[in-house]
Amino acid sequence: MKIRVAYTGGEQDKKKLLEEAAKALFPDTKVKETAPKDGFLHTVLTVPKPGNTTK
């Protein structure tokens, strides 16, 4: 699952809270920062699929 977050420079504290919450729920979450576009900064949080839990 990918979560794309667009934010301004003043909202970085809120983005950090969202990132920490996602990592608390899903420790394997990967974070990728992308280049600014149209006045917004972007972060993509990627949560990996769970493994097969059945036999």
Side-chain angles (χ1 to χ4, degrees):
M1 162 176 53
K2 288 189 179 185
I3 303 168
R4 187 173 303 161
V5 181
Y7 58 96
T8 61
E11 297 175 325
Q12 286 186 346
D13 55 340
K14 293 178 185 177
K15 187 270 304 188
K16 187 71 175 166
L17 285 173
L18 179 63
E19 185 179 318
E20 290 172 358
K23 284 192 171 210
L25 291 171
F26 307 102
D28 296 339
T29 300
K30 296 177 186 171
V31 179
K32 180 181 176 187
E33 302 286 335
T34 61
K37 184 177 180 183
D38 297 330
F40 290 96
L41 301 163
H42 299 273
T43 299
V44 179
L45 305 172
T46 304
V47 179
K49 284 185 173 183
N52 190 0
T53 58
T54 61
K55 290 186 175 183

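With values rounded to the nearest 0.5 angstrom, Lys2 atom NZ is found 13.0 Å from Thr29 atom OG1. Separation of atoms NZ (Lys23) and CG (Asp28) is listed at 10.0 Å; rounding is to 0.5 Å. How far NZ of Lys30 is from NZ of Lys32: 11.5 Å, rounded to the nearest 0.5 Å. The distance from atom OG1 of Thr43 to atom NZ of Lys15, rounded to the nearest 0.5 Å, is 4.0 Å.
Taking all atoms of both residues into account, the shortest heavy-atom contact from Gly10 to Asp13 is O-OD1, 3.6 Å. In plain terms, the two heavy atoms of Gly39 and Thr8 that are nearest each other are O-CG2, 4.4 Å.
Hydrophobic cluster membership is shared by Leu25 and Met1, with clusters built from Ile, Leu, Val, Met, Phe, Trp and Tyr side chains linked at under 4.5 angstrom. Val44 and Phe40 fall into different hydrophobic clusters, where Ile, Leu, Val, Met, Phe, Trp and Tyr are joined by side-chain heavy atoms under 4.5 Å apart, directly or via other members.
With Thr34 contributing its side chain and His42 its backbone, the two residues share a donor-acceptor pair below 3.5 Å.
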